[in-house]
There are 4 protein chains.
Amino acid sequence: MQDSNVASIVEDPELIAKRRGQIVAAATQLFAREGFYRTTIKDIAKLAGISSGLVYQYFREKEDILLLVLLEVLDSYSREIPQALEGVTEPLDRLLKAVDAYCRVVDRHRAAAVLAYRSTKSLPPDRRRELIQQREIETNQIIASAVKDCIKQGLIRKVNVDVLVYQIVLAAHGWALKSWYFKSRISLDEFIRETIDILLIGILTPVGEEQRAKQKRRANQRGKVQLPT
Amino acid sequence: MQDSNVASIVEDPELIAKRRGQIVAAATQLFAREGFYRTTIKDIAKLAGISSGLVYQYFREKEDILLLVLLEVLDSYSREIPQALEGVTEPLDRLLKAVDAYCRVVDRHRAAAVLAYRSTKSLPPDRRRELIQQREIETNQIIASAVKDCIKQGLIRKVNVDVLVYQIVLAAHGWALKSWYFKSRISLDEFIRETIDILLIGILTPVGEEQRAKQKRRANQRGKVQLPT
Amino acid sequence: MQDSNVASIVEDPELIAKRRGQIVAAATQLFAREGFYRTTIKDIAKLAGISSGLVYQYFREKEDILLLVLLEVLDSYSREIPQALEGVTEPLDRLLKAVDAYCRVVDRHRAAAVLAYRSTKSLPPDRRRELIQQREIETNQIIASAVKDCIKQGLIRKVNVDVLVYQIVLAAHGWALKSWYFKSRISLDEFIRETIDILLIGILTPVGEEQRAKQKRRANQRGKVQLPT
Amino acid sequence: MQDSNVASIVEDPELIAKRRGQIVAAATQLFAREGFYRTTIKDIAKLAGISSGLVYQYFREKEDILLLVLLEVLDSYSREIPQALEGVTEPLDRLLKAVDAYCRVVDRHRAAAVLAYRSTKSLPPDRRRELIQQREIETNQIIASAVKDCIKQGLIRKVNVDVLVYQIVLAAHGWALKSWYFKSRISLDEFIRETIDILLIGILTPVGEEQRAKQKRRANQRGKVQLPT
DNA sequence: AATGAATGAGAATTCATTCAT
DNA sequence: GATGAATGAATTCTCATTCAT
């Protein structure tokens, strides 16, 4: 549990790490289940097995807990995805593996992932929100650089990287955000497979030259689309 | 403003519609800007130009207002998208138009769209959340049926409809959810174009037979992907 | 109960006056008995016969109550002393009457008078403290102008007005501040009589010329003292 | 630092004296600047250079610190005034010197002097307050006996000793209590001179027999005043 | 003796909700 | 129907005091 601008009264770094760990773990659970405002400091303290006053030895205010909870989520992304990519060298393999890993991290931290969408606004709008956004951008870099490598090697088309990256990210988050829907309909493995399938080769059917040209024209009216010939 | 299981003390349906309209409009604005918990009934009443007591003649409790606000957002989708599709008959055209329309509706109600992600959990978990989810499923049907039509006519591949629909939906919502990122980087038109581009034809480069086979094999390891031959 | 920069949520001035009156009366009693910090809002509300929440419809924070309580005390001085002087025209008579009246006001508001000494520091140091001090200076003007009139007419010596006025004021306040001492030893009437006695003619014995000169010389060593010849 | 009924866990009297000295010195500073309730044990401990837990080895509770702080202030009076009187034998000289010394002690301990007025009520009303009052009475004895000596020797009139003593004491304290007023208007030396001037010979102008008789009559109506003939 | 982490009672303040007018 | 004053439960945060080390 890094400090991240969050002040603590206690000095001992080990103790800080331990206590903050307890508190953040409890808070993550409760924030995810009940939401930030419905969760009281007393609830958090009780679940963490400490007194409510002690929370304030490690966090200046309730919102600081939320901050660390959210940073934890983001950190779990930028920790676990690179880890999954270790040893994978082929650019396209790396990209696919990254998508796969992202979805699986989200799945593992499902509640926390949703939390990030729900509660970021509960932070005061100052540098703390920026902290979160900065972290999100950093995490996205992992995906982005995999995408760029693929483009560089001509493995994927020259698409807009920002849009593609967020398409991937949102799809992954979607597994958590819409788990109420997917849960009973599809497994994580299938979800990942289908998502990659669509992303990689699109949805259009392969068509004869004539058809394709027609399709292409129609699609091109919508904008930049350059169907492969 | 339909009643939607939300009880009111006042009888006159016209008055109910008018007052609820005022209140929901004010609440939408404030919930979007400040969040559900930070917004007080007094704030809403003041912005709506009525007294705080009067709110309770039209809503049993604060959460009922949120419910209507969220239903309003969802309704704006299922109202405006079909409207945009009027007169468009070709299935693929309809699908592309639907995506386009969805993104534009989200753009218009940006704050409200984000609100749906942030505040749904503020509703008690009972039938009210189901109400929202039911409505979301209904809205998604519009996209889903366009997809299915395309598949039926062989215009797009047999992809998993649920996954594709949510991919589209999340991409559209992404425009609002990540507007802090896109705002300074890309226009709505570009965003829509790029999104459709990726969805339609995927990201892989068109390759010679040999290459493609190799790619395909690799991709297939990841799951179902069946690259077109 | 004038507003004095203290904000209220309620608009109706009559109601404000009534409620603030209740609250300030209760608070005065409790602050005097228990001190500012030992007194809780709940205590005040209960004694005032209202709910604790209602207090915050008429005062923004606890310290605002203290402010009004203190201003009330000071106002009682500047209201009651001039009233006692009505019809008294002879300057010396006015001065003596003023001293007498001051002591009696202090006696009547004994607890509140002490409160002013105890709790002014509990106010935030900004303009609120200045407000109190400004008011004190204004009240002292009543005494000061009586003193000046006497001097102008040659009824009393040219003493330092500031010092004299505070001597009078402190003596009057002393009746409250040291009531634990005086209570069992002397009556208010006696106290006033003795105080005026000392102030008017000092404490030195009338002495023969020679003695007096010696005394005078000794006294003069201490400073400005100019014994009358 | 005498024990004064204040219990300590530590045995070694020297250590007790040293630690209590540190704590009381720090507390005096903080109480004076921030007030009793605004000052925390942690603040005191930090300023005293010890841990907060250690405070409770030398004081049973926070109020015990206040008690010692206040006793310290009172002791500084009864220590420094007699010291200033050393070698002064003439009764009137002693009285004047006592007044002078009192004002100067108050000036030196200005913050602490005010503290006594502000915080005595923060003590529980039991024997501890009595302890303070007893000490105050003792200090006043120094002034009182000087006054009595003067009266005995016919140097000053037979005025009410209690009233006169408190008049002197309050005037001296006034220098601290109203320093916000005097600070910019008068020096300590002037203040002392003027105060003594008024006390010694009163404020009435010396007048011809006829005038004086009139004045006397008027003054006498107010009470006991017996103008010297 | 000393430290400082831990406790938990307590207090100010807010605000959804009710109710008299 | 409408108003807005009144209620009181609930929550955050502070800090005196205790206690394990």
Side-chain angles (χ1 to χ4, degrees), chain A residues 8-12 15-16 18-19 37-46 49-63 65, chain B residues 8-12 15-16 19 37-46 49-65, chain C residues 8-12 15-16 18-19 37-46 49-63 65, chain D residues 8-12 15-16 19 37-46 49-65:
Chain A
S8 163
I9 287 168
V10 176
E11 301 277 286
D12 178 17
L15 192 52
I16 292 181
K18 179 186 152 196
R19 290 301 193 204
Y37 284 102
R38 278 192 187 329
T39 301
T40 70
I41 295 288
K42 276 209 160 96
D43 293 340
I44 296 172
K46 186 187 286 181
I50 59 176
S51 69
S52 62
L54 193 57
V55 172
Y56 287 88
Q57 302 258 3
Y58 297 93
F59 292 92
R60 206 168 42 76
E61 50 184 358
K62 195 185 170 190
E63 269 143 350
I65 305 178
Chain B
S8 163
I9 287 167
V10 177
E11 302 280 286
D12 177 13
L15 191 52
I16 292 180
R19 290 300 193 204
Y37 284 101
R38 283 200 199 303
T39 300
T40 70
I41 294 288
K42 263 190 132 179
D43 293 340
I44 296 172
K46 186 190 283 179
I50 59 176
S51 70
S52 61
L54 193 55
V55 172
Y56 285 84
Q57 302 270 348
Y58 297 94
F59 292 91
R60 204 168 40 79
E61 51 185 359
K62 196 185 172 190
E63 270 141 350
D64 281 342
I65 304 177
Chain C
S8 163
I9 288 168
V10 177
E11 302 277 285
D12 177 18
L15 192 52
I16 292 180
K18 179 186 151 197
R19 290 301 192 201
Y37 285 102
R38 277 194 189 325
T39 301
T40 70
I41 295 289
K42 274 209 161 96
D43 293 341
I44 296 172
K46 186 188 287 181
I50 60 177
S51 69
S52 61
L54 194 57
V55 172
Y56 287 87
Q57 302 259 4
Y58 298 93
F59 294 90
R60 206 170 40 78
E61 49 183 359
K62 195 183 170 192
E63 268 142 350
I65 305 178
Chain D
S8 164
I9 287 165
V10 178
E11 302 281 285
D12 176 12
L15 191 52
I16 293 180
R19 291 298 193 205
Y37 283 101
R38 282 200 200 303
T39 301
T40 70
I41 295 289
K42 264 190 132 178
D43 292 340
I44 296 171
K46 185 189 285 181
I50 59 176
S51 70
S52 60
L54 193 56
V55 172
Y56 286 84
Q57 302 269 350
Y58 298 93
F59 292 91
R60 204 169 40 77
E61 50 184 0
K62 194 184 171 190
E63 270 140 351
D64 281 341
I65 305 178

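Chain A is the first sequence line, chain B the second, and so forth, proteins listed ahead of strands; every chain is numbered from 1.
- With DNA chain F read from its 5' end, the first of the two nearest nucleotides for C/V10 and A/R38 is the one closest to C/V10.
- Between its two ends, the helix from E/dA2-F/dT21 to E/dT21-F/dA2 turns its axis by 10°, counting five pairs per end and rounding to 10 degrees.
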With a cut-off of 3.5 Å and sequence neighbours excluded, list every side-chain donor-acceptor pair involving residues 39-46 of chain B.
from: B/T39; atom 1: OG1; to: B/L30; atom 2: O; distance (Å): 3.3
from: B/T39; atom 1: OG1; to: B/G35; atom 2: O; distance (Å): 2.7
from: B/T40; atom 1: OG1; to: B/K42; atom 2: N; distance (Å): 3.4
from: B/T40; atom 1: OG1; to: B/D43; atom 2: N; distance (Å): 3.0
from: B/T40; atom 1: OG1; to: B/D43; atom 2: OD1; distance (Å): 3.3
from: B/T40; atom 1: OG1; to: B/D43; atom 2: OD2; distance (Å): 3.1
from: B/D43; atom 1: OD2; to: B/T40; atom 2: N; distance (Å): 3.2

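- Note: CG (A/L15) to C1' (E/dA6) measures 10 Å, nearest angstrom.
- Between the C1' atom of F/dG1 and the OH atom of B/Y58 lies a distance of 6 Å, rounded to the nearest Å.
- If you take CG of D/D43 and P of F/dT14, they are 13 Å apart, rounded to a whole angstrom.
- Looking only at side-chain heavy atoms (C-beta outward), D/D64 and D/Y58 stay at 4.5 Å or farther from each other.
- We find that CD1 of C/I65 is positioned 12 Å from C1' of E/dT13, with the value rounded to whole Å.
- Within the 4.0 Å cut-off from OP1 or OP2 of F/dG4, not a single side-chain nitrogen or oxygen of B/S51 is found.
- Taking atom CD1 on B/I16 and atom P on F/dG1, their separation rounds to 8 Å, with Å as the unit.
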| message | So if I define the base as every atom that isn't primed, P, OP1 or OP2, how would nucleotides 16-21 of chain E read as a B/S/- string at a heavy-atom cutoff under 4.0 Å? | response | SBB---
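- Following rounding to the nearest Å, A/I44 (CD1) and F/dT11 (P) show an atom-to-atom distance of 12 Å.
- The distance from atom CG of D/L54 to atom P of E/dT3 is 5 Å, rounded to the nearest whole Å.
- Residue contacts shown for C/D12 are absent, as no nucleic acid heavy atom lies under 4.0 Å away.
- Within the 4.5 Å cutoff, the side chain of A/V10 has no heavy atoms near those of the A/R19 side chain.
- In this structure, A/I9 atom CD1 and E/dG4 atom C1' are separated by 11 Å, rounded to whole Å.
- The nearest pair of heavy atoms linking C/E61 to C/Y56 is CA-CE2, 4.2 Å.
- A side-chain donor-acceptor contact under 3.5 Å links C/S8 to the backbone of C/Q57.
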